[in-house]
Amino acid sequence: MDWRQLWEICSAPDNVPIVGLIPLLAFYIYLAVKQARANDQLIEQLEADPAMAKTHHRKTWPFKPGWQKEVHVWPFLLRIEFLAAIIITIILMVWSITLNAPLEEPANPNLTMNPAKAPWYFLGLQEMLVYFDPWIAGVVMPTLIIIGLMVIPYIDTNPLGSGYYTWKQRKFSISTFLFGFIILWVAMIIIGTFIRGPGWQWFWPGQTWDHNRLIYEVNRDLPDIFGITSNLGKAIFGAIVVGGYYLVGGGAVYSLFRRRMGKDFSRMSLLQFSIMQFLLLTMVALPLKMGLRLLWHIKYVWITPWFNI
Amino acid sequence: MAKTIDQHFDNLRGTRVWRSIFRSGTGSSPLKRALAIQQNVFLHLFSTKVRTRMLSFSATWYLGTLTLGTFLILVATGIPLMFYYHPSVPQAYADTKDLQFVVSSGLFLRNLHRWSAHAMVFLVFAHMFKVFYRGAYRAPREFNWVIGVILLLMTLLLSYTGYLLPWDQLAYWAITVGSNIASAVPVMGEKIHFLLLGGNAVNANALLRFYVLHCMILPLAAMFFVAIHFWRIRKDGGLYSHASEPATVRARTDTGAPLPKEGQ
Ligand code: HEM
């Protein structure tokens, strides 16, 4: 266990915020779970007890006479916003007094930094460079992420759970979002910050960063395992595997929706459903590909002259 | 009897000069309070009234407000930083070094700018998470969510372009890693890479381009979209609270702190 190395990573000025923000994120998730659970319990009560549903329903708001349903933005909202701005300013000022921003040696194109890391919020994409061609990791994926985020409101047809926290009524959308956010984004940032060392190699926390370490891992392509050697064969084989994944996966999503989420399914148009299916399967494909690479040293599944996947 | 501070303040707000500037004048009547919002070019992006429940922490966790707060800190610290900084090689690095060691409070200024940038990126993500989790992107707010995604992108690009400006090893190699990706685009890759950097590698031209993007174009674009974002909140009927909302959120305010009363 190399504590110095661990300390060096955690105390690098740009990494300190990450160390600090992880607990904050955990707190927000805790908060979300707590508020959702409170609402879910209430929903259960209301469903069980129609009488209560009547008095507790929104129509009766405010249920204490004399309460204001609405107040003026000035001063009631603006003073809160002002206070929030002051508080965050104070926090950041204290932070700026205690921790200095990094400034290293002047830029030198002849002296490569090793490891050369992107800013932390892009580490997820940099990690993807290990598993995918640069233009897939760096161009296709960001585009899909942005488009995927933008279409969320247009493919989510669930009428429940608008404007309040709940888990029970939105299990599918919340778990999908959390999968994307926590597994595909936050976890990649953590791996990129704390685990990837020189040569972008995998060093467990506490392992010394050995700049001369060589790893003799023989990466194979999936077609090689099946003894396919011709370029045409590889391209066709890959197309079958990838196409098969989307077909089988699509079938699985379809049957999941038909059997478990019939109502959601009937509300979605064909277009909405297929976009959701495609995005979901693409998201799930990332950890699958990572697993193939990290566990079985399989580099590419689909090899063509133009792109590799 | 000496006047209270409040009274002095009221007198000030009653003066001709004050009224000429703010138009709405003094007073805490509902009308005056509404006018204070409506008659102000910035504040009229807000609605004049807000649901009491939406003031509570549980509704928004104040994350959008905090994001805006960090953005304003970044503007306020960014301008003085520009006074000391030349976007040229090797002057950029020397200027950053001077900020660190020579300019009074330069170190503090730079720290505040950098840490606020980190905080803003985190807060934007947290805000998005919260909006999603509260189901606040549902109709008619779909497009405001799309604007939000654009703002997320703006925030990341602002942070990314700013990362190069100190012109140290960290900056240089991070941007090199990032921009190399652009060359991988099929067919157009090299062209896009060249356009982005103004050359074939990260060099003085790239620094100038990133500087212009970082200090001019992206902040203006971000402000533009933030304005639309806020205006849409008002137009879409305030923060989301749906008819099917269960009552616990209210039950909570019920037992908690007293709600603000209107009027005096
Ligand atoms: C520069 C970045 C941003 C700023 C300054 C900002 C600011 C705000 C503020 C002040 C609010 C009011 C309530 C609250 O605090 O939640 C709000 C609401 C909202 N934001 Fe943002 N936001 C930003 C980015 C985003 C992003 C990235 C998204 C989503 C992708 C988003 C989606 C929304 C939506 C849908 C609402 C309405 C919520 C509701 O009706 O309850 N915003 N934003």
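The basis for the numbers below is simple: all heavy atoms, side chains too, and nothing from hydrogens, waters or symmetry mates.
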Handout entry: Qualifying residues under salt bridge (charged side-chain N to carboxylate O under 4.0 Å, His left out), relative to B:E142, sequence neighbours excluded
Key = none

Exercise for the section: Under 4.5 Å heavy-atom distance to chain A, tell me which part of B:F122 shows up: side chain, backbone, both or neither. Expected result: both

Handout entry: Whether B:R138 side chain and A:D156 backbone form a donor-acceptor pair below 3.5 Å
Key = no

Handout entry: B:F46 side chain near A:E81 side chain, heavy-atom distance below 4.5 Å
Key = yes

Problem - chain A interface, residue from B:M128, B:H113, B:K130 that has the most non-hydrogen pairs under 4.5 Å - result: B:M128

Fill in the blank from the handout: In this structure, OG1 of A:T89 is separated from CG of B:L66 (nearest 0.5 Å) by 9.5 Å

Problem - Most contacts with chain A, counted as non-hydrogen pairs under 4.5 angstrom, among B:Y62, B:Y160, B:Y137 - result: B:Y137

Problem - chain A contact via B:S183 - side chain, backbone, both or neither, heavy atoms under 4.5 Å - result: neither

Fill in the blank from the handout: The reported gap from CH2 in A:W185 to CZ in B:F125 (rounded to nearest 0.5 angstrom) is 5.0 Å

Handout entry: Side-chain (A:W74) to main-chain (B:L35) donor-acceptor, under 3.5 angstrom
Key = no

Completion exercise
Nearest heavy-atom contact between A:K117 and B:A174 is O-CB, 3.4 Å

Problem - Between B:T176, B:V177, B:V131, B:L68, the one whose heavy-atom pairs under 4.5 Å with chain A are most numerous - result: B:V177

Exercise for the section: Could you tell me the separation between the CG atom of B:L107 and the CG atom of A:N100, rounded to the nearest 0.5 Å? Expected result: 4.0 Å

Handout entry: Proximity breakdown for B:A171 and chain A, heavy-atom pairs closer than 4.5 Å
Key = neither

Problem - Pairs meeting criterion salt bridge (Lys or Arg N to Asp or Glu O under 4.0 Å) with involvement of residues 59-68 of chain B, two or more places apart - result: none

Exercise for the section: Tabulate, in ascending numerical order, the residues of residues 21-33 of chain A having at least one heavy atom closer than 4.5 Å to a heavy atom of chain B, or enter 'none'. Expected result: A:L21, A:L24, A:L25, A:Y28, A:I29, A:L31, A:A32, A:V33

Practice task
Go through B:Y93, B:Y133, B:W115, B:W173 and name the one with the most non-hydrogen pairs under 4.5 angstrom from chain A.
Solution key: B:W115

Exercise for the section: Would you please name every residue forming a salt bridge (charged side-chain N to carboxylate O under 4.0 Å, His left out) with B:R110, sequence neighbours left out? Expected result: none

Exercise for the section: Look up atom CG in A:L77 and atom OG1 in B:T65, then write down how far apart they are to the nearest 0.5 Å. Expected result: 7.0 Å

Practice task
Using a 4.5 Å cut-off on heavy atoms from C-beta on, say whether the side chain of A:I152 contacts that of B:V149.
Solution key: no

Practice task
May I ask you to name which of A:I97, A:L78, A:L99 has the most heavy-atom pairs under 4.5 Å with chain B?
Solution key: A:L99

Handout entry: B:R232, CZ atom: more than 12 neighbouring heavy atoms under 6.0 Å
Key = yes

Problem - Toward chain A, the part of B:L63 with a non-hydrogen atom under 4.5 Å - result: side chain

Practice task
Indicate whether any N or O donor in one side chain lies under 3.5 Å from an N or O acceptor in the other, for A:Q35 and B:W61.
Solution key: yes

Problem - Backbone N/O of A:L149 and side chain of B:W145: donor-acceptor pair under 3.5 Å - result: yes

Fill in the blank from the handout: Turns out that what part of B:L123 lies under 4.5 Å from chain A's heavy atoms comes down to side chain

Handout entry: Atom pair CD1 (A:I145) and CG (B:L152), whose distance is rounded to the nearest 0.5 Å
Key = 10.0 Å

Exercise for the section: Assess whether side chain to side chain contact (heavy atoms under 4.5 Å, CB included) is satisfied between A:I174 and B:F132, documenting all intermediate values. Expected result: CA-CA 8 Å; A:I174 287 177; B:F132 179 87; 4.2 Å; yes

Practice task
Could you check which of A:R170, A:Q126, A:M93 has the highest count of heavy-atom pairs closer than 4.5 Å to chain B?
Solution key: A:R170

